[in-house]
Amino acid sequence: MSFKDNVLKVVANISKGKTLSYKEVSCLAGSPRAYRAVGNILNKNYDPKIPCHRVIRSNGQLGGYNRGVVKKKKLLKQEKAIS
DNA sequence: CGTATGACGTGCA
DNA sequence: GTGCACGCCATAC
């Protein structure tokens, strides 16, 4: 069980319509200082079961998305996660 | 093992 | 509120 797998698991546990910041995810993953690694891991390793689009920045920004930030924004809007 | 990279975060000007 | 620079951790090569 690597930090990577832990992060993926945490992200997969995010409820629909709920958004968590990279820092929150890293904290739940077990390393509150690894928010850097969280983004890196999601960017390189993402699974179709991982709602990585629900992971946003602490400042409220969407951050980025493998399939395109537009898609992420759209998804969050559909889930009412953002305005 | 050492270096380079990254979807970040915080601090300061 | 905006822009720049530094620091942080884990992964991949």
Side-chain angles (χ1 to χ4, degrees):
Chain A
M1 179 70 83
S2 306
F3 181 77
K4 171 170 97 65
D5 295 290
N6 218 320
V7 171
L8 295 174
K9 185 185 252 185
V10 172
V11 176
N13 265 288
I14 302 174
S15 305
K16 181 176 174 296
K18 181 70 170 283
T19 49
L20 289 178
S21 60
Y22 297 93
K23 209 198 299 192
E24 289 288 281
V25 176
S26 61
C27 191
L28 295 171
S31 298
R33 312 292 162 177
Y35 42 72
R36 256 303 178 152
V38 175
N40 204 334
I41 291 161
L42 293 174
N43 181 30
K44 287 173 176 169
N45 303 20
Y46 85 92
D47 284 277
K49 319 299 280 183
I50 309 296
C52 34
H53 64 268
R54 289 180 189 155
V55 186
I56 61 177
R57 290 186 64 156
S58 310
N59 54 314
Q61 295 302 108
L62 297 175
Y65 195 50
N66 304 24
R67 305 285 178 75
V69 187
V70 183
K71 181 99 177 218
K72 179 173 183 175
K73 198 196 310 190
K74 204 186 248 189
L75 287 164
L76 290 171
K77 240 176 191 265
Q78 284 180 89
E79 298 183 1
K80 308 290 174 34
I82 60 176
S83 304

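By convention in this document, chain letters (A, B, ...) are assigned in the order of the sequence lines, proteins followed by strands, and residues within each chain are numbered from 1.
Remark: P of dA12(C) and CZ of F3(A) are 13 Å apart, rounded to the nearest angstrom. Atom pair N59(A):CG and dA7(B):P shows a separation of 15 Å (rounding to whole Å applied). In this structure, M1(A) atom CE and dT11(C) atom P are separated by 12 Å, rounded to whole Å. Distance L42(A) CG to dA7(B) P: 11 Å, rounded to the nearest Å. Distance, R67(A) CZ to dA7(B) P: 16 Å, rounded to whole Å. The CD atom of E24(A) sits 13 Å away from the C1' atom of dG9(B) (whole-angstrom rounding). When rounded to the nearest whole Å, the span between OH of Y65(A) and P of dA7(B) equals 15 Å. In this entry the distance linking CG of D47(A) with C1' of dA7(B) reads 16 Å, nearest Å.
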Test side chain to side chain contact (heavy atoms under 4.5 Å, CB included) applied to L8(A) and L42(A), step by step
CA-CA 8 Å; L8(A) 295 174; L42(A) 293 174; 4.0 Å; yes
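R57(A) has no side-chain polar atom (N or O) that falls below the 4.0 Å cut-off from OP1 or OP2 of dA7(B). Contact annotation: N45(A) side-chain N/O to dA12(C) OP1/OP2 distance is under 4.0 Å. The side chain of S58(A) contributes an N or O atom lying less than 4.0 Å from OP1 or OP2 of dG9(B). Contact annotation: S2(A) does not reach the phosphate of dA10(C) (side-chain N/O to OP1 or OP2, under 4.0 Å).
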Using a 4.0 Å heavy-atom cut-off, write out nucleotides 2-7 of chain C from 5' to 3' as B (base contacted by protein), S (sugar-phosphate only) or - (no contact).
-----B
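Residue R33(A) places its side chain closer to dC9(C) than to any other of dA10(C), dA7(B), dC9(C). Set against dC9(C), dA12(C), dA7(B), the side chain of A37(A) has dC9(C) as its closest nucleotide.
In this structure a side-chain-to-backbone donor-acceptor pair under 3.5 Å is present from N13(A) to K9(A).
No single ILVMFWY cluster, assembled from side-chain heavy atoms under 4.5 Å apart, contains both L62(A) and V11(A).
Within the structure, salt bridge (Lys or Arg N to Asp or Glu O under 4.0 Å) pairs that include any residue of residues 46-60 of chain A comprise R54(A)-E79(A) (at least two apart or interchain).
Rounded to the nearest 0.5 angstrom, T19(A) OG1 and I14(A) CD1 are separated by 8.0 Å. Rounding to the nearest 0.5 Å places CD of Q78(A) at 8.5 Å from NZ of K16(A). With rounding to the nearest 0.5 angstrom, the OG atom of S58(A) is 9.5 Å from the OH atom of Y22(A). Atom CG of L28(A) sits about 6.5 Å away from atom CG of L20(A), to the nearest 0.5 Å. How far CD of E24(A) is from CD1 of I56(A): 10.5 Å, rounded to the nearest 0.5 Å.
Side-chain contact check for I41(A) versus F3(A): some heavy-atom pair is nearer than 4.5 Å.
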Please list each protein N or O that sits under 3.5 Å from an N or O in nucleotides 1-5 of chain B, with the distance.
| from | atom 1 | to | atom 2 | distance (Å) |
| --- | --- | --- | --- | --- |
| dT5(B) | O2 | N40(A) | ND2 | 3.2 |

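Judged by distance alone with a 3.5 Å cut-off, a donor-acceptor contact links the side chain of Y22(A) to the base of dA7(B).
Residue contacts shown for K23(A) are limited to sugar-phosphate atoms, with no base heavy atom under 4.0 Å away.
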